[in-house]
S.K.: 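Got a structure for you, questions after.
Protein chains get the first letters and strands the later ones, always in sequence-line order, with residue 1 at the start of each. Worth knowing before you read on, the calculation uses all heavy atoms, side chains too, and leaves out hydrogens, waters and symmetry mates.
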Amino acid sequence: MRPFQVYDTRTGTVRPFVPRNPPRVGMFVCGLTPYAEAHAGHGRVAVVYDAVARAVRRWGYRLFYVQNVTNVDDKVIDRARELNRDPLELSEHHFRAWLTAVEQLEVRSVNLYPFATDYVPEIVEQVEELVRRGLAYVADGDVYYEVAKFPRYGELSGQRVEALRPGARVQVDPKKRAPEDFVIWKSAKPGEPTWPSPWGPGRPGWHVEDTAITGRLLGPQYDLHGGGTDLKFPHHEAEVALGEGASGRSPLVGYWLHLGMLEMRGEKMAKSVGNVVSLEAAIRIAGPEALRFFYLNAHYRSPLVFDPDRSLAEARQSLTTLGAPYLRLREELGRDGLARPGRELPPDLARAATAMPEQLDGLLANDFATREAIAALFGWSRTLGEWTAKFDTLSGTALATLGAPYRWAAEVLGLFPERSLPRPTADLSSLVRVALDARARARARNDFAEADRLRDALAAAGVVLEDDAGATRWRWRGAEGNP
RNA sequence: GCCGAGGUGGCAGAAUGGUUAAUGCGACGGACUGCAGAUCCGUUUCCUGGGGGUUCGAUUCCCCCCCUCGGCUCCA
């Protein structure tokens with residue numbers, strides 16, 4: 001297991017990571033409330049924690065990664081009512097769309113997406129335990145957590161209960177003993193999905209679902225908890241109070257990893273502002289590889305400016321530059337294979353290539369500094385710049401050696417997925433070659449009108465040409481992740 | 001008001017108590033092209049919100065102020 005360090009919000013410091021039960025690591029990330037289309041900010045959550053999970057696994061830990069789905073809550077119910085749809089069906093629909101989107105983004109590391117409604121028995125059990133311990137009280141079919149009974153409340157976020165401004169955004173519920181108390185079980189209202197409970201039919205409050213799920217799947221104490229920084233308070237603070245209150249053990253979470261917000265030209269991305277770019281649209285505009293690159297091209301804790309007119313185009317250009325040598329390598333290897341004869345690498349270059357993955361791990365092991373790793377990868381692409389013209393002289397093994405840093409990026413950062421490889425369709429390739437020959441002959445007799453006509457026709461068929469010194473290269477459009 | 005995260009070149013965005021403050025985008029120039037594109041090479045010396053302090057030295061550490069973003073108890 002490779003040691004690494006990580007910033008923990010609770011202590012406000014970067015600390016060496018020490019799992020509770022090595023090599024096992026439990027990680028929970030607050031997932032979607034699928035009441036509407038996911039937006040580009042949600043995509044950052046999916047991609048960043050995916051990269052975290054990939055790295056932790058690469059470093060030899062046995063990670064179990066859970067991302068919950070809040071498929072029943074006020075927003076889901078309200079929205080379903082507006083649309084005259086069933087709430088659970090509505091959230092199921094948006095969750096499916098979410099899965100489709102994140103799969104395009106190469107998010108492959110989540111072990112389980114538990115739905116809140118599948119954990120109602122665990123939720124009820126936890127609420128009962130809290131009532132039994134005197135930390136929660138029943139009022140008219142609702143159950144509230146009594147914050148005053150949990151002295152550590154506020155430790156995660158640094159909030160002092162007496163300094164809060166009650167009702168700043170949310171109406172204070174008159175049934176509460178204190179404004180800071182929060183509901184953990186809600187009595188049924190007409191037309192809402194409900195479940196039986198000792199306090200009558202009702203449904204879970206928001207915060208408990210997470211601790212009930214993690215209690216069941218990860219135990220009373222686990223290692224990593226992620227989510228947007230906007231959830232730090234009250235949601236994560238409430239999770240601490242619930243989880244530690246119910247189990248009597250502290251801390252609930254070893255390391256809290258909070259993700260910076262995606263900012264739309266200095267404003268938060270929000271439906272009310274009307275500046276939301278849906279995740280699906282961002283994927284369509286940028287291409288999934290470039291969008292993933294965009295998210296990882298900043299430190300996860302920093303806010304990240306998302307300018308729809310610039311960010312995605314810039315990410316796409318950057319990724320093309322970064323991957324250009326790798327694209328060439330894969331073209332050569334895809335055609336001739338590893339056994340291809342040719343020159344071997346100068347020893348220092350071979351050594352540099354072999355050493356890169358370890359260096360990249362080292363950079364990432366410092367609080368998941370994906371941006372640092374990407375900068376180093378750009379350095380590698382620049383090193384290969386002068387070699388790209390000579391790739392056709394190198395042996396297959398030499399080419400594979402040069403590709404090591406990119407394979408690291410594919411494994412850990414999820415860049416350069418296999419699907420962006422040139423399509424190896426030999427029969428079509430021979431047809432393309434026929435057209436290229438015709439075009440070469442046209443050019444030889446200076447018939448450029450005919451040459452351009454052939455080039456345009458090939459382009460229309462998805463074949464991109466590059467005239468280079470002496471030779472014309474071609475590849476399928478989309479090979480660089482450009483649909 | 002309180003809590004938290006931030007403020008770095010035209011833009012995005014790293015890092016650091018100390019020679020030229022990464023990297024990318026953009027821009028400009030060049031190579032290659034019939035042209036275009038892609039690719040490659042080079043240039044882009046005057047960039048760390050403001051004011052104090054500590055220090056031989058501060059962008060980094062401390063204090064005050066300004067600004068932005070997130071949160072303030074079922075919230076986008």
Side-chain angles (χ1 to χ4, degrees), chain A residues 9 12 33 35-36 39 41-42 70 73-75 144-145 147 153-154 156-173 176 178-184 186 204-207 228-235 237-238 241 258 260-264 266-273 276 293-294 297-299 301-307 310-311 313-322 324-325 327-328 363 366 369-372 374-379 382 384-389 443 446-448 451-452 455 459 464-470 472-473 475 480:
Chain A
T9 303
T33 300
Y35 72 103
H39 61 62
H42 298 125
T70 307
D73 87 337
D74 288 6
K75 286 194 301 296
Y144 295 93
Y145 191 98
V147 166
Y153 193 83
L156 173 67
S157 61
Q159 296 277 9
R160 294 195 323 276
V161 169
E162 59 275 17
L164 295 173
R165 180 184 281 180
R169 301 176 71 148
V170 184
Q171 203 66 31
V172 176
D173 183 338
K176 291 178 178 182
E180 65 269 22
D181 294 348
F182 54 88
V183 66
I184 51 183
K186 303 184 71 155
W206 177 36
H207 310 298
T229 186
D230 55 342
L231 297 177
K232 197 189 306 173
F233 189 90
H235 183 232
E237 197 69 60
H258 282 109
M261 294 286 101
L262 203 61
E263 290 179 10
M264 285 290 276
E267 285 180 303
K268 69 171 175 178
M269 184 179 281
K271 274 208 150 68
S272 53
V273 189
V276 168
F293 174 88
F294 169 73
N297 201 208
H299 192 94
R301 279 193 278 131
S302 304
L304 175 58
V305 173
F306 181 83
D307 180 338
R310 312 179 68 138
S311 303
E314 179 182 329
R316 229 161 92 158
Q317 185 53 54
S318 300
L319 183 61
T320 301
T321 302
L322 180 66
L327 186 62
R328 274 291 159 72
L363 292 169
N366 179 21
T370 52
R371 184 59 182 97
E372 291 293 287
I374 287 173
L377 285 165
F378 270 109
R382 224 170 339 98
L384 292 195
E386 56 180 306
W387 283 90
T388 50
R443 294 173 75 202
N446 286 341
D447 184 356
F448 297 120
D452 289 349
R455 180 170 61 187
V464 180
L465 304 188
E466 293 175 13
D467 289 333
D468 217 333
T472 297
R473 296 176 190 279
R475 64 166 167 264
E480 64 279 84

S.K.: List in chain and number order the residues that pass side chain to side chain contact (heavy atoms under 4.5 Å, CB included) with A:Arg160, two or more places apart in sequence or in another chain; answer none if no residue qualifies.
M.R.: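 By the side chain to side chain contact (heavy atoms under 4.5 Å, CB included) rule, A:Arg160 matches A:Glu162, A:Ala163.
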S.K.: Base, sugar-phosphate, or nothing for A:Arg328, non-hydrogen atoms under 4.0 angstrom?
M.R.: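 Nothing, no heavy atom under 4.0 Å.
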S.K.: Just need the stems in RNA chain B: three or more back-to-back Watson-Crick or G-U pairs, each with both distances under 3.5 angstrom, sorted by first number.
M.R.: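 Detected stem regions: B:1-7 with B:66-72, B:10-12 with B:23-25, B:26-31 with B:39-44, B:49-53 with B:61-65.
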S.K.: Give one of base, sugar-phosphate or nothing for A:His299, where a contact means two heavy atoms less than 4.0 Å apart.
M.R.: sugar-phosphate
S.K.: Mind listing the closest non-hydrogen atom pair of A:Glu263 and A:Pro303 along with its distance?
M.R.: OE2-CB, 3.4 Å
S.K.: Suppose we screen for ring-ring contact (aromatic ring centres under 6.0 Å, His included). Which residues come up paired with A:Trp387, at least two apart in sequence or across chains?
M.R.: none
S.K.: Using the C1' atom in both, what is the distance from B:rG70 to B:rA31, to the nearest Å?
M.R.: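 Nearest-Å result for B:rG70 against B:rA31 at atom C1': 49 Å.
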S.K.: Given the C1' atoms of B:rG51 and B:rG13, what is the spacing between them in whole Å?
M.R.: 27 Å
S.K.: Salt bridge (charged side-chain N to carboxylate O under 4.0 Å, His left out) with A:Arg371: which residues, sequence neighbours excluded?
M.R.: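 Salt bridge (charged side-chain N to carboxylate O under 4.0 Å, His left out) list for A:Arg371, sorted by chain: empty.
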S.K.: Sequence neighbours excluded, which residues qualify as side-chain hydrogen bond (donor to acceptor under 3.5 Å, both in side chains) partners of A:Thr9?
M.R.: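 If we apply the side-chain hydrogen bond (donor to acceptor under 3.5 Å, both in side chains) test to A:Thr9, skipping adjacent residues, the hits are A:His258.
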S.K.: Can you tell me, in whole Å, how much space there is between the C1' of B:rC63 and that of B:rA76?
M.R.: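 It comes out at 35 Å once rounded to the nearest Å.
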S.K.: Among all residues two or more places apart in sequence or in another chain, which pass the salt bridge (charged side-chain N to carboxylate O under 4.0 Å, His left out) test with A:Asp181?
M.R.: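 Scan of A:Asp181 (salt bridge (charged side-chain N to carboxylate O under 4.0 Å, His left out), adjacent residues dropped) gives none.
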S.K.: Which whole number of Å gives the distance between the P atom of B:rG37 and that of B:rC28?
M.R.: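 Looking at atom P only, B:rG37 and B:rC28 are 12 Å apart.
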S.K.: Whole angstrom is fine here: how far is it from CG in A:Asp447 over to C1' in B:rC35?
M.R.: 14 Å
S.K.: Give the rounded distance in Å between these two atoms: CD of A:Glu237 and P of B:rC72.
M.R.: 13 Å
S.K.: With sequence neighbours left out, write down each residue that passes side-chain hydrogen bond (donor to acceptor under 3.5 Å, both in side chains) with A:Tyr144, or none if nothing qualifies.
M.R.: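 A:Tyr144 satisfies side-chain hydrogen bond (donor to acceptor under 3.5 Å, both in side chains) with A:Asp142, A:Asp173 only.
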S.K.: Could you tell me how far apart A:His235 (NE2) and B:rG71 (C1') are, to the nearest whole angstrom?
M.R.: 14 Å
S.K.: Does the side chain of A:Leu304 reach to within under 4.5 Å of the side chain of A:Phe294, using non-hydrogen atoms?
M.R.: yes
S.K.: Grab the two heavy atoms, one from A:Ala376 and one from A:Leu363, that are nearest each other, plus how far apart they are.
M.R.: CB-CD1, 3.8 Å
S.K.: Please give the distance between the P atoms of B:rG29 and B:rC65 as a whole number of Å.
M.R.: 49 Å
S.K.: Any base atoms under 4.0 Å from A:Asp73, or only sugar-phosphate, or nothing? Heavy atoms, all strands.
M.R.: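 The residue A:Asp73 makes no contact with any strand.
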S.K.: N/O contacts under 3.5 Å, protein versus nucleotides 3-7 of chain B?
M.R.:
from: B:rC3; atom 1: O2'; to: A:Ser157; atom 2: O; distance (Å): 2.5
from: B:rG4; atom 1: O2'; to: A:Lys232; atom 2: NZ; distance (Å): 2.4

S.K.: Taking only the C1' atom of each, what is the distance from B:rG17 to B:rG1 in whole angstrom?
M.R.: 36 Å
S.K.: Indicate, with a heavy-atom threshold strictly under 4.0 Å, whether A:Asp452 touches base, sugar-phosphate, or nothing.
M.R.: base
S.K.: If you find the nucleotide of RNA chain B closest to A:Val147 and the one closest to A:Lys75, which residue's nucleotide is nearer the 5' end?
M.R.: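 The residue mapped nearer the 5' terminus is A:Val147.
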S.K.: What integer distance in Å separates A:Glu180:CD from B:rG71:C1'?
M.R.: 16 Å
S.K.: What's A:Leu377 touching, base or sugar-phosphate or nothing? Going by heavy atoms closer than 4.0 Å.
M.R.: nothing
S.K.: In this structure, how many angstroms lie between the C1' atom of B:rU73 and the NE2 atom of A:His207, rounded?
M.R.: 6 Å
S.K.: Base, sugar-phosphate alone, or nothing: which one does A:Tyr153 contact when heavy atoms must sit under 4.0 Å apart?
M.R.: base
S.K.: Does A:Arg310 have any side-chain hydrogen bond (donor to acceptor under 3.5 Å, both in side chains) partners at least two apart in sequence or in another chain, and if so, which?
M.R.: none
S.K.: Do A:Ile374 and A:Phe293 have side chains that approach each other closer than 4.5 Å (heavy atoms only, starting at C-beta)?
M.R.: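 Heavy-atom side-chain distance check passes, below 4.5 Å.
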S.K.: On RNA chain B, compare the nucleotides closest to A:Phe233 and A:Leu304; which residue's is nearer the 5' end?
M.R.: A:Leu304
S.K.: I'd like to check the ring-ring contact (aromatic ring centres under 6.0 Å, His included) partners of A:Phe182; sequence neighbours left out, ordered by chain and number.
M.R.: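 ring-ring contact (aromatic ring centres under 6.0 Å, His included) list for A:Phe182, sorted by chain: A:Tyr145, A:His207.
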S.K.: Tell me every residue that passes side-chain hydrogen bond (donor to acceptor under 3.5 Å, both in side chains) with A:Asp452, counting only those two or more places apart in sequence or in another chain.
M.R.: A:Arg455
S.K.: Polar-atom pairs under 3.5 Å, protein N or O versus N or O of nucleotides 21-30 of chain B: list them with distances, or write none.
M.R.:
from: B:rU23; atom 1: O2; to: A:Arg371; atom 2: NH2; distance (Å): 2.1
from: B:rG24; atom 1: OP1; to: A:Arg382; atom 2: NE; distance (Å): 3.4
from: B:rG24; atom 1: O2'; to: A:Ser318; atom 2: OG; distance (Å): 2.3
from: B:rG24; atom 1: N2; to: A:Glu314; atom 2: OE2; distance (Å): 2.8
from: B:rC25; atom 1: OP1; to: A:Thr321; atom 2: OG1; distance (Å): 2.8

S.K.: Give the rounded distance in Å between these two atoms: CG of A:Asp307 and P of B:rC11.
M.R.: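 These atoms are roughly 12 Å apart.
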